[in-house]
Amino acid sequence: MAYVNDNFLKLQHRYLFADIAKRVAAYKEANPQADIIRLGIGDVTQPLAPAVVEAMHRAVDECASSGTFRGYGPEQGYDFLIDAIIAHDFTARGIKIERDEVFVSDGAKSDTGNIGDILSGGNIVGVTDPVYPVYVDTNTMAGREIRYIPCNEANGFMGDIPAERVDVMYLCFPNNPTGAVITREALQRWVEYARKNDTLILYDAAYEAFIQDEAIPHSIFEIDGAKECAIEFRSFSKTAGFTGVRCAYTIIPKELKVRSASGSRVGLNEIWNRRQCSKFNGASYISQRGAEAVFSAEGQKQVKATIDYYMQNAKYIREALKGYGLTVYGGENSPYIWLQTPKGIGSWEFFDVLLHKAQVVTTPGAGFGAAGEGYIRITAFGSHEGSKEAMRRIGSIVGSL
Ligand code: PLP
């Protein structure tokens with residue numbers, strides 16, 4: 001008799017975005033003419049940069065000839081991409097990262113979840129609340145206990161250092177869903193906490209490319225001592241429109257060691273490498289050539305222009321909502337705007353109001369955790385026209401709420 005992993009039965013019944021899709025589909029069925037503007041799911045809308053497209057075309061052509069065809073690549077990723085990552089993301093910021101500390105993958109979603117493969121099921125896991133649901137779901141699947149650390153206006157949406165220790169702590173800055181960033185000092189405090197308590201920090205920097213303020217850290221490895229306590233996840237998805245192409249990378253410093261059951265300390269770099277070699281056959285060659293082109297001079301210029309496009313939306317949305325007398329957070333160093341619902345209306349109720357009265361799809365904050373109640377998330381990943389029209393419509397109903 002086969003048994004299911006019972007932990008899966010503890011998961012929340014449906015995925016947040018499936019719930020939203022169901023409500024939007026029901027509304028659309030009842031109102032087939034409705035012109036719905038989607039500022040809900042965090043997918044990008046602008047096409048790939050021309051430099052990326054050209055590089056991927058060249059890679060396809062290489063694979064079309066027997067002399068240059070590529071089959072299985074290194075499980076850790078090709079050196080041409082790893083070298084570009086190190087030069088651009090780390091050396092340029094004065095951080096020393098070696099080739100065998102970088103693991104190229106098909107996504108930060110899979111890596112932030114799969115990393116649990118190499119961690120004990122007995123670890124207590126801390127997450128900030130509201131939270132990107134992947135951290136909670138994947139750790140629930142593994143049977144781990146979760147502690148929620150509320151992020152709110154009082155702590156600048158950065159979360160207070162918990163009084164009790166956790167074994168593993170997920171941090172994500174710029175944050176999904178709140179759009180908050182973390183200051184160097186606050187990140188330093190998390191690193192000190194981790195070193196003092198032997199806590200492993202899992203730092204999700206998927207949105208670092210949206211940081212505008214020079215004082216905000218892009219990488220946890222900008223903080224002294226972080227290499228001994230942190231893993232960092234990065235992605236080309238939001239930086240360069242790779243949500244469909246798929247390519248990301250994870251940095252596991254060789255200094256990082258955690259306890260084994262026997263009491264010895266083992267390096268997670270080696271263990272993750274072993275895991276990847278057994279379970280993963282590398283990201284596609286074509287994706288990796290596309291990703292390499294993101295770091296070329298042309299690629300950087302083009303990718304930056306797209307990020308600027310989204311950040312113009314973010315600014316427009318922020319300013320418009322503030323102009324209507326609403327309270328907004330985020331959207332300054334992040335593509336997410338975290339809007340406090342007016343008059344204490346519940347998240348899902350406000351989501352429905354915006355869908356039914358303004359035909360605008362958002363994401364209810366409560367879907368990201370208890371501390372998200374009373375907020376909704378709006379993304380800046382739409383078009384200029386869509387973002388402006390959505391704000392015009394919200395402006396026209398705000399007075400009647
Ligand atoms: N991490 C965060 C915080 C995200 O919001 C997302 C996507 O929305 C991801 C990771 C997923 O990245 P990827 O497309 O590389 O799997």
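Both ligands and their constituent atoms are indexed starting at 1 by order of listing.
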Item to check | Distance from atom 11 (C) of ligand 1 to nearest protein heavy atom, with residue and atom | outcome: Y132 OH, 3.3 Å
Checklist outcome for this item: Note: ligand 1 atoms sitting under 4.0 Å from heavy atoms of K109 are 11 (C), 12 (O), 13 (P), 16 (O)
Next on the checklist: I'd like to know if the side chain of Y324 and the backbone of M391 have a donor-acceptor N/O pair within less than 3.5 Å.
Outcome noted: yes
Checklist entry - In terms of the angle between their ring planes, are Y249 and F236 parallel, tilted or perpendicular, with boundaries placed at 30° and 60°? => result tilted
Next on the checklist: Side chains of Q76 and D100 only: does a donor on one sit below 3.5 Å from an acceptor on the other?
Outcome noted: no
Checklist entry - Is the F103-F280 ring centre distance short of 6.0 angstrom? => result no
Item to check | Pick from R246, K238, R234: the one approaching atom 8 (O) of ligand 1 most closely through a non-hydrogen atom | outcome: K238
Next on the checklist: Checking a contact table here: which protein heavy atom is nearest atom 3 (C) of ligand 1, and how many Å away?
Outcome noted: D204 OD2, 3.3 Å
Item to check | contact_flag Y207 ligand 1 heavy-atom lt 4.0 Å | outcome: yes
Checklist entry - Looking only at distance, does A108 have an N or O less than 3.5 Å from an N or O of ligand 1? => result yes
Checklist entry - If you measure from the Lys or Arg side-chain nitrogens to the Asp or Glu carboxylate oxygens, is any gap between K279 and D117 under 4.0 Å? => result yes
Item to check | F80 six-ring face occupied by R289 cation (under 6.0 Å, within 45°) | outcome: yes
Next on the checklist: Could you check whether D224 pairs with R195 (Lys NZ or Arg NE/NH1/NH2 to Asp/Glu carboxylate O, under 4.0 Å)?
Outcome noted: no
Next on the checklist: Suppose I only count heavy atoms of N176 and a 4.0 Å limit; which atoms of ligand 1 are within that range?
Outcome noted: 3 (C), 4 (C), 5 (O)
Checklist outcome for this item: One finds that the ligand 1 atoms under 4.0 Å from a non-hydrogen atom of G107 are 15 (O), 16 (O)
Checklist entry - Given that the side chain starts at C-beta and the backbone is N, CA, C, O, which of these parts of S237 lies under 4.0 Å from ligand 1, counting heavy atoms, or is it both or neither? => result side chain
Item to check | Proximal atoms of ligand 1 relative to C172 (non-hydrogen, under 4.0 Å) | outcome: 3 (C)
